[in-house]
Amino acid sequence: MKYDFAKVEQKWQRIWDEKKVFAASNDYTKPKYYVLVEFPYPSGQGLHVGHPRSYTALDIVARKRRLEGYNVLYPMGWDAFGLPTENYAIKNHIHPEIVTRQNVERFKSQLKGLGLSFDWDREVNTTDPAYYRWTQWIFLQLFKKGLAYKKEMSVNWCTGCKVVLANEEVVNGVCERCGSDVVHKVKSQWMLKITEYAQRLIDDLDTVNYIDRVSTSQRNWIGRSTGAQVDFQTTAGDVLTVFTTRPDTLFGATYMVISPEHPYIEKWADRIQNMDAVRSYQEESARKSDFERTELAKDKTGVKLEGVMGINPVNNTEIPIFISDYVLMTYGTGAIMAVPAHDTRDWEFAKKFGLPIIEVVKGGNVQEEAFTDCATGILVNSGFLDGLSVEEAKTRMIDWLSENKKGEPKVNYKLRDWVFARQRYWGEPIPIIHCDHCGYVPLDESELPLKLPEVESYEPTGDGDSPLAAIDSWVNVTCPKCGAPAKRETDTMPQWAGSSWYFLRYCDPDNANALAAKEALDYWMPVDWYNGGMEHTTLHLLYSRFWNKFLYDIGVVSTPEPYAKRTSHGMILGENGEKMSKSRGNVVNPDDIVREFGADTLRLYEMFIGDFEKSAPWSQSSIKGCKRFLDRIYNLLEIVQEGDSYSSALEGSFHKTIKKVTEDIEVLKFNTAIAAMMSLLNEISNQGAVTRAELKTLLLLLNPFAPHLTEEMWERAQFGGMITEQSWPKFDESKCKDAQVEIAVQVSGRIKARIMVDADSTDSELLEAAKSCPEVAALIEGKTVVKEIVVKGKLVNIVVK
RNA sequence: GCCGGUAUGGCGAAAUUGGCAUACGCACUUGACUCAAAAUCAAGCGAUGAAUAAUCAUGUCGGUUCGAGUCCGACUACCGGCACCA
């Protein structure tokens, strides 16, 4: 009997669709479960085999939860604003909206062909005005609470294309497209104060269940460090403030460094005697990308400021001030005190410029390398700190600084505020009007959505503004406050905006009065299980946590955290072990696999390919194994026998397999769950028969993985109803154990025999049985038994001399 | 340079978290069926061995332990991320 997967898969996809089998119910009295996968950017290339890995995994979870009786929400949508669509539109003179619609259609039909149990009634699209109306609304709330502000920021400016470039578009300091030099250009940009939430974003990681590497990455990214701010008087008569995590080493500060962008350079311009050298160094740094500044880390560069000296507050020593690009304006105060004896970077710089290295923490050889160990060092050459440990000295110094008004304790974060503006067309317009009299005035909420206007060309204007700036009728408005002529903001929001709250919209996607009804949010939120790529750990995941917290603060949502659980999948690589990409020519199109082997086989293979959390190379030949397994399952219909219970020979195996599959799905071990079902099938094949009860269980276990095949077999076996309406099988713990187990017998740690024993044998019975097997008896004969180790159900080890 | 991850048969990978290394699958070999091939079914399959003997095998070197893929220390290679974080 041949299994016609193409016909069967289409048949069930149609039935599921018609019957709305996977629609989440709005009955808020039922236990709920919200399963979420990151919604895709609908690119022109269509679906990639990487997408279904995450979608299938959580589809398995969603289907299992439904069988377990939950009201499940498993939605899908489109994160459709973004650069590639816009660039395509520019090139082909097609409206990005049309491109987006075509791409979405393609993605949607591809996803439907995989039998994913999404609730398509709740589909969202970030480019839909009915959706971005609420993205804009959230921005207005942020603005009203003072969390959105304007700041001069440097952007990548392509000297050839005359446009602002994304970091991604800058390759080795030149424009990816035209190869022209990219320079930094200062532009006033909208920013969001995510830093205000830094501490809460760290603290609340303790209240959620994220896999370790995700919470670790977030903590490192936010990068809290405690230290002190120290004020250095300068010979220019002003105060230069630095941030340090090592206030204990203040006596060892032998010079200072400020970032090339530091505002004091202009302030001191008259005093600095070597301004030409300083200027050229500034220019040189401006040309370097941040990446280059870190790349060239080994070779420190810098220029000494001639004419201004810093004064170390603890001993009033005058020390030189340098500018160097190893100090970043974006962290701390943009200025540091350099302690070459106890900081690796300062040490390298001091060696190169011949600066003194003063040891203030004993424990290493500071002429050879910086001694940075905080745990063991003891303070020396440090006046009132001498003899203290590093930790004691830190506290003492901070106290001293506070008492003498020369500094204060300070917590710093690596996290920087979020640049929330793009000089592009294909994004949400920022609903702000600039009035010369009233400043930045928010658009009235009744005017939302502020729709993207039609434009002739999607090219940014030559002076770095978005194409919106060229539409006078759109830009020129009257101030909502005073009625004077005013101008709209022409920058648009970054792609991250729409994805920072989409999980809320799924709860109530058609609501026209709010981003979602409060009852819907109260019922569905938080997301119970969110899976996505590691590449989104520090940006999307953090941004959306920030927005959710803000919405929590203003009473829109009721949970301080959006996601109760976060997991992450590994990448699917090309057959050659490299990342799949068009340029490498190793891309696999899921459509081809579905056509040749069927969606169930593709799903099963992607789950069987290896550890879900690790990357795995694609293998065309291995797919066959999964196809073969499904065909063998289908053939069970030919050997099915009457029987409403498990056969005695297979009862234990069934209970064990139910347990294994049930538990493995919860910990993302889909590969071993499948292996367990394969083993069970092998056992059934050896028996040559399967009872109806056994087939039922096996189909239910396999259903989340291979939904079409199991639905079809359920119908053919006339089990009644649809398999999607049944309950997840249960196992009996007591029946998962074998009566007899094989244990290994070692002599001095080497395996010499294997014996079958009763599973509940006592230690002394095991030892007795071990000693009585001939191979072992011969080896311990006449020797002294030094030690006897018995591990129940596993082994006996007899150590002899 | 910093951070994170990984390393097990010809290949993808398992290993109940310190207790029988290589489950499950792919590839391969042999056999059955067939005029033949494909498909299917059965058997074998870490290395050196004639061997069911023995020895060696989880990136390298060392350590802890009765016992290490798993723990500790040092290193190597590859992959990913990065904002020199003071």
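Reminder, nothing fancy here: chain letters follow the sequence lines and each chain counts from 1.
- The distance from atom NZ of A:Lys614 to atom P of B:G80 is 17 Å, rounded to the nearest whole Å.
- At the heavy-atom level, A:Asn797 lies under 4.0 Å from base atoms of the strands shown.
- Dashed line: the shortest gap from a side-chain N or O of A:Lys669 to OP1 or OP2 of B:A15 is under 4.0 Å.
- Heavy atoms of A:Asn682 sit under 4.0 angstrom from primed sugar atoms or phosphate atoms, though from no base atom.
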Go through the steps to decide whether A:Lys656 and A:Glu663 satisfy the test salt bridge (charged side-chain N to carboxylate O under 4.0 Å, His left out), and finish with yes or no. CA-CA 11 Å; A:Lys656 275 191 267 188; A:Glu663 293 173 355; over 6 Å; no
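- In this structure B:U40 sits in a base pair with B:A32, meeting the Watson-Crick or G-U test at under 3.5 Å.
- One atom, NZ of A:Lys656, and another, P of B:C24, lie 13 Å apart when rounded to the nearest Å.
- Look at B:G9: its glycosidic torsion is within 90° of 0, and that puts it in the syn range.
- Ring to ring, A:Phe322 and A:Phe349 are close: their centroids are under 6.0 angstrom apart.
- One interatomic measurement links the two molecules: CZ of A:Phe322 to C1' of B:A86, which rounds to 16 Å at whole-angstrom precision.
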Show the numbers, then the answer: is there a side-chain contact (heavy atoms from CB on, under 4.5 Å) between A:Met397 and A:Asp248? CA-CA 6 Å; A:Met397 179 56 87; A:Asp248 54 299; 5.6 Å; no
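- Among the heavy atoms of the strands lying under 4.0 Å from A:Thr672 are primed sugar atoms or P, OP1, OP2 only; no base atom is included.
- Between A:Arg628 and B:C26 there is a side-chain N or O to OP1 or OP2 distance below 4.0 Å.
- Side-chain atoms of A:Arg416 lie closest to B:A83 of the nucleotides B:A83, B:A23, B:A13.
- Under 4.0 angstrom from either OP1 or OP2 of B:A27 there lies at least one side-chain N or O belonging to A:Lys624.
- Note: A:Phe546 and A:Trp496 fail the aromatic proximity criterion, with ring centroids not under 6.0 Å apart.
- In this structure, the CG atom of A:Asp611 is 9 Å from the P atom of B:U6, given to the nearest Å.
- Base engagement by A:Glu742 is indicated by at least one non-hydrogen atom pair under 4.0 Å involving a base atom.
- Using a 4.0 Å cut-off between charged nitrogen and carboxylate oxygen, A:Glu348 and A:Lys351 do not count as a salt-bridge pair.
- Within 4.0 Å of A:Arg219, counting heavy atoms only, lies no atom of the nucleic acid at all.
- Residue order along RNA chain B, read from the 5' end via each residue's closest nucleotide, puts A:Ala744 first among A:Ala335 and A:Ala744.
- The interatomic distance linking A:Leu766 (CG) with B:G19 (C1') rounds to 13 Å, in whole Å.
- Between the CD1 atom of A:Ile789 and the C1' atom of B:G18 there is a distance of 12 Å, given to the nearest Å.
- The side chain of A:Lys794 contributes no N or O atom lying less than 4.0 Å from OP1 or OP2 of B:G19.
- A donor-acceptor pair shorter than 3.5 Å can be found between the side chains of A:Glu683 and A:Ser653.
- Within 4.0 Å (heavy atoms only), A:Ser685 reaches no atom of the nucleic acid at all.
- Inter-residue side-chain proximity for A:Phe654 and A:Lys659 is flagged as unmet; no heavy-atom pair is nearer than 4.5 Å.
- Residue A:Asn671 places at least one side-chain N or O under 4.0 Å from the OP1 or OP2 atom of B:A14.
- Going from the C1' atom of B:G67 to that of B:G44 covers 32 Å, rounded to whole Å.
- Comparing A:Ile609 and A:Ile743 by the nucleotide of RNA chain B whose heavy atom lies nearest to each, the residue mapping closer to the 5' end is A:Ile609.
- Neither OP1 nor OP2 of B:G80 sits under 4.0 Å from any side-chain N or O of A:Arg213.
- Counting any heavy atom pair closer than 4.0 Å across all strands shown, A:Asn412 reaches no nucleic acid atom.
- Across the protein-nucleic acid pair, A:Leu573 atom CG and B:G5 atom P stand 18 Å apart, rounded to whole Å.
- At whole-Å resolution of the value, CD1 in A:Ile623 and P in B:G25 are 17 Å apart.
- An OP1 or OP2 oxygen of B:A86 is reached within less than 4.0 angstrom by a side-chain nitrogen or oxygen of A:Ser225.
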